[in-house]
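Worksheet for the structure shown next.
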Amino acid sequence: MISFAIPEFATWEGKIFVGVLGFSWATYMWEEYLAYRQRRVYREKKEPPVELKDIMEKDSYDKARAYSIDKSNFGLISGAFDQVVGTGVMVFGGYSALWAISGKVAEWLGFPASGEIPQTVVFVGLRSLLSTLINLPWSVYFTFWVEQKHGFNKQTPGFFIKDTLKKFIVTQVISAPVVSSLVYIIKVGGDYFFIYLWGFTTAVMLFLMTIYPSCIAPLFDKYTPLPEGDLRTKIEALAKQIDFPLTKLYVVEGSKRSAHSNAYFYGFFKNKRIVLYDTLLEDYTPLNEDNSESEKEEVKEKKTGCSTEEVLAVLGHELGHWKLNHVLKGIIIFQVNLFLVFSVFGSLYKYSPLYRAFSFTQSQPAFIGLIIVMQYVFAPYNEILQFLLTMFSRHNEFQADKFARELGFSEKLKMALIKLNEDNLGFPVYDPLYSAWHHSHPPILERIRALEAKAKED
Ligand SMILES: [Zn+2]
């Protein structure tokens with residue numbers, strides 16, 4: 001039975017309902033407007049601008065343009081679909097219906113009908129199952145048509161299916177105990193439960209960050225220590241030069257997923273690891289070769305990735321993020337924000353019009369309250385925060401580039417940026433408004449200009 005679940009506008013729940021839905025459509029229109037402006041750039045800039053002549057060949061420019069247009073069209077349609085689904089969830093009281101079904105399932109599994117914790121765990125599981133199923137056709141289309149067409153997809157259908165299943169199971173295994181504990185804390189925590197909630201969430205986050213590299217990431221991709229050789233020796237020397245406590249150095253076989261490339265570091269205190277994508281390395285071939293001879297030939301033909309010196313320059317940039325405490329600053333901002341959100345939740349979570357706006361007329365489940373406050377009440381705040389964080393991140397990227405330049409990597413970093421942009425078919429021309437809103441990393445031209453301007457100063 002499907003019926004509308006729209007509250008009267010005269011009531012508070014009615015006003016909340018209209019506010020939430022209205023804001024969701026307003027952000028949607030805004031995003032679409034920006035995407036439209038950027039699509040206009042793709043359409044009109046058929047020739048690479050003059051200042052790009054040393055950066056990108058016409059052929060790569062055309063490819064990058066075609067790839068961007070396909071991605072943008074995909075975003076246009078999948079975004080509209082998501083917006084319609086989101087609206088449907090509100091208009092038909094989707095959360096409340098799913099909550100009732102979860103109660104029946106929990107009861108069928110043998111839990112008492114009044115048990116909020118089992119019902120919440122089933123709810124979270126079903127919600128995640130539904131969203132995986134709804135997104136599946138889109139993700140299949142994106143991976144096997146869009147990415148495939150432009151030569152990025154390296155996944156086989158078998159790999160894709162296994163990967164999706166694994167992601168779903170791992171998420172459930174982690175979220176079930178966490179969600180149960182959250183509900184328990186809200187229920188028994190008293191007036192200041194939000195402080196315990198914050199403490200618990202922080203502990204879980206630190207725990208997951210600690211076990212992620214050794215227990216979770218290897219379930220999805222293969223990590224091999226970088227073999228002895230020139231690159232390894234030079235990376236170790238670089239780490240030593242700037243006192244980076246490097247303990248492990250891995251190559252991840254990103255090439256089994258896609259041809260996009262990257263490098264990053266992680267770990268706490270004196271226990272840091274660096275991970276390089278195999279696609280970043282020009283000469284890297286996996287140690288245990290299971291490729292057929294013909295595949296090897298194919299690999300040799302098309303040379304992508306960076307030389308040893310360029311990889312070092314990329315790492316110079318990454319280590320700049322560490323030296324300048326960007327990761328720590330990010331964690332602190334996240335924690336302060338989380339505390340703010342939880343304390344607002346602490347004062348709002350008994351306010352029944354919030355629940356009634358989402359068709360919860362009989363009960364006020366704690367976890368539903370958390371979703372409503374974090375996702376819907378905070379939506380305008382989240383948009384602004386996200387924009388500020390994007391600005392902050394762009395600032396950090398320039399700083400990390402500056403750090404690499406001071407290590408003497410200016411020229412090599414420039415080369416690496418150009419090569420990686422080419423390998424990833426990055427389109428180099430952007431509408432300023434689109435770029436200001438979306439780009440956590442400055443566009444390649446701005447980064448190169450900054451590197452060159454500083455190089456002249458030196
Ligand atoms: Zn960076």
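We're numbering straight along the sequence, starting at 1. Just follow the structure's listing: the first ligand is 1, and inside any ligand the first atom is 1.
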Can you tell me which N/O/S atom of Glu397 has the shortest distance to the Zn ion (ligand 1)? OE1
The Zn ion (ligand 1) to Glu318: any N/O/S contact under 2.8 Å?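 Of the N, O and S atoms in Glu318, none lies under 2.8 Å from the Zn ion (ligand 1), which means no.
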Within the stated cut-off of 2.8 Å, is an N/O/S atom of His317 closer than that to the Zn ion (ligand 1)?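 His317 does place an N, O or S atom closer than 2.8 Å to the Zn ion (ligand 1).
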For Tyr434, run the side-chain contact (heavy atoms from CB on, under 4.5 Å) check against Arg39, Glu31, Gln38, Arg40 and tell me which one passes. Gln38
Identify whether the distance between the nearest side-chain nitrogen and carboxylate oxygen of Glu47 and Lys58 falls below 4.0 Å. yes
Basic-acidic side-chain contact under 4.0 Å: Lys402, Glu406: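 A salt bridge links Lys402 with Glu406.
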Ser343 and Trp198: side-chain hydrogen bond (donor to acceptor under 3.5 Å, both in side chains), yes or no, with the steps? CA-CA 9 Å; Ser343 39; Trp198 181 73; over 6 Å; no
